[in-house]
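Here's the structure we're looking at; comments come further down.
No experiment lies behind these values; they were computed from the predicted model shown. Atoms considered below: every heavy atom in the structure, side chains included; atoms not considered: hydrogens, waters and symmetry mates.
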Amino acid sequence: MFRALFLAGLALLAAPALARGPGSYPAPTREEMVAVPGGRVYVRVNGDLNGPLPPVVFLHGGPGGVSATYLDALPLADERAVILYDQLDSGRSDRPGDPKNWKVARFIDELEAVRTTLGIKRWHVVGHSWGGTIALEYAARHADVLASVVLASPLISTKSWLADAKILRAQLPRAIQIDLDRCERHQSPPNEICDAAMTAFYKAYNGRAGVSDGVRADIKASGGLNDRIYMAMWGKSEFSSTGTLRNYNGEPLLARLPGERTLFMVGQYDEARPETVGRFAARTPGAEFAVIPGAAHGTFTDRPVETVAILRAWMERHDSL
């Protein structure tokens, strides 16, 4: 999920930066703080919300992530409005810090509040990682306002996520596996050993290219990532869940998705393994499945051109359905 970006943040930020600098991303056409249950969320729009094509909204990972990680999706604004927003307690949004807000159902209501406030009748919804959980739940309840839904590297169920993490962990070099095992014991080795072991996992399955200078700058400007909400909802380890999502199971919702308007998308080396997500797609009648070659979990930063191309073609096919 997003901890692979949050705790790997130092590793990702230390990775070789891409050439896209802070000034290379277009300024938002519109910015505002939108009232949602529990507070206000920061929303930015690039493009014309009243244009001829349905807009697209991107739901960031986490819980506790930021929308800046999807700046590389902004080229889509040449055809349609692109909406990015920071979920409550994340990024530039209000941070009330109230655990009562950290419920799946409230995040669904939050997304619907963004839609109604912006006056959107119909839109494409792209949810990545934890954002894929929100997209799954939203699509099962609000299919009538969807042009399409994209579940990108999604958390569909905690059980399947942890099973994938276990499989991928076993594919790492034996020395890394041993260090990870040691780091989970009560008396763990020095932090630098544990950090190096987790970095190896993240570089293999979460982000292979590093984020661009512009994304890095925007994350910093937005106030950074919120580990507290992640810890409360997921837990402290990528390999176990002790938070409120520990028993989450969205698999029954697959049957309620608008199948012919549903795309599952992952990276070739994704932490949400293609084999697992492909099975979820197969259980959703009419859904399609795409794999981004060369990408890990962070498809939008690992392979932005390829990811945008797939999304562009997908949305064009479903604009008028």
Side-chain angles (χ1 to χ4, degrees), residues 1-2 4-6 8-9 11-29 44-47 55-62 65-86 91 124-132 135 148 150-154 202-222 225 263-272 274 277 288-316:
M1 284 192 323
F2 187 76
L5 181 55
F6 182 80
L12 286 171
L13 297 182
L18 303 183
R20 301 180 300 282
S24 62
Y25 295 101
T29 306
R44 64 171 285 164
V45 179
N46 284 76
V56 57
V57 61
F58 287 85
L59 315 179
H60 65 70
V66 290
S67 61
T69 48
Y70 306 99
L71 289 174
D72 284 302
L74 292 182
L76 293 167
D78 65 350
E79 292 184 337
R80 68 185 73 245
V82 174
I83 304 161
L84 306 180
Y85 78 93
D86 295 326
H124 298 276
V125 173
V126 180
H128 179 253
S129 197
W130 149 252
S148 77
V150 180
L151 305 177
S153 309
Y202 295 144
K203 283 194 172 184
Y205 307 121
N206 182 258
R208 295 193 162 205
V211 300
S212 70
D213 290 336
V215 168
R216 182 185 295 106
D218 201 86
I219 290 175
K220 182 178 181 180
S222 72
L225 316 172
L263 173 66
F264 291 81
M265 183 176 71
V266 296
Q268 181 181 357
Y269 305 107
D270 209 310
E271 189 176 6
V277 178
E288 297 187 29
F289 179 50
V291 178
I292 310 296
H297 190 59
T299 57
F300 291 88
T301 50
D302 274 356
R303 292 291 187 273
V305 174
E306 294 88 339
T307 302
V308 166
I310 286 177
L311 290 176
R312 188 185 297 276
W314 166 261
M315 290 188 290
E316 286 176 352

Distance-minimising heavy-atom pair for Ala296 and Ala204:
CB-O, 4.1 Å
Can you tell which of Ile83, Asn46, Leu74, Leu84 makes a side chain to side chain contact (heavy atoms under 4.5 Å, CB included) with Pro28?
Asn46
Ring centres of Phe300 and His128 under 6.0 Å apart?
yes
Are Arg44 and Tyr85 in a cation-pi setup, meaning NZ or CZ lies under 6.0 angstrom from the ring centre and within 45 degrees of the ring axis?
no
Provide the closest heavy-atom pair for Val66 versus Ser222 in the form atom of the first, atom of the second, distance.
CG1-OG, 3.8 Å
Indicate the atoms forming the closest heavy-atom contact of Gly267 with Ser153, along with that distance.
N-OG, 4.3 Å
Minimum heavy-atom distance between Ser129 and Gly61, given as atom pair plus value:
CB-CA, 4.3 Å
NZ (Lys203) and CZ (Arg208) are apart, to the nearest 0.5 Å, by 11.5 Å
Search all heavy atoms of Gly132 against all heavy atoms of Pro154 and return the closest pair with its distance.
CA-CB, 4.1 Å
I want to check something: taking the side chain as every heavy atom from C-beta on, are Val82 and Val45 in contact at a cut-off of under 4.5 Å?
no
Apply side-chain contact (heavy atoms from CB on, under 4.5 Å) to residues Val308 and Asp72 and explain how you reach the verdict.
CA-CA 8 Å; Val308 166; Asp72 284 302; 5.7 Å; no
Could you walk me through whether Ile219 and Leu225 pass side-chain contact (heavy atoms from CB on, under 4.5 Å), step by step?
CA-CA 8 Å; Ile219 290 175; Leu225 316 172; 4.2 Å; yes
Nearest-0.5 Å distance, CG of residue Leu263 to CD of residue Glu288
6.5 Å
Would you say His124 and Val57 make side-chain contact, with heavy atoms under 4.5 Å?
no
For the backbone of Gly294 and the side chain of Gln268, can you confirm whether one donor and one acceptor N or O come within less than 3.5 Å of each other?
yes
Does the Thr307 side chain pair with the main chain of Thr299, one donor and one acceptor, at a distance under 3.5 Å?
yes
Quick one: pull up CD in Glu316 and CG in Leu76 and give me the separation to the nearest 0.5 Å.
9.5 Å
How far apart are the C-alpha atoms of Val277 and Val291, what are their side-chain angles, what is the distance that settles it, and do they pass the side-chain contact (heavy atoms from CB on, under 4.5 Å) test?
CA-CA 10 Å; Val277 178; Val291 178; over 6 Å; no
Taken to the nearest 0.5 Å, the spacing of Asp302 CG from His297 NE2 works out to 10.5 Å
Evaluate the side-chain proximity of Val266 to Phe289: yes if any heavy-atom separation is below 4.5 Å, no if none is.
yes
Phe58 vs Ser67, test: side-chain contact (heavy atoms from CB on, under 4.5 Å). Steps then yes/no.
CA-CA 8 Å; Phe58 287 85; Ser67 61; over 6 Å; no
Within the 4.5 Å heavy-atom criterion, are Val215 and Tyr25 side-chain neighbours or not?
yes
If you define the side chain from C-beta out and look only at heavy atoms, does anything of Ile310 sit under 4.5 Å from Met265?
yes
The side chain to side chain contact (heavy atoms under 4.5 Å, CB included) partner of Val211 among Thr301, Asp218, Leu71 is Thr301
According to side chain to side chain donor-acceptor pair (under 3.5 Å), who are the partners of Glu79, at least two apart in sequence or on a separate chain?
Arg312
Could you tell me whether the side chain of Asp270 reaches within less than 4.5 Å of the side chain of Tyr205, counting heavy atoms only?
no
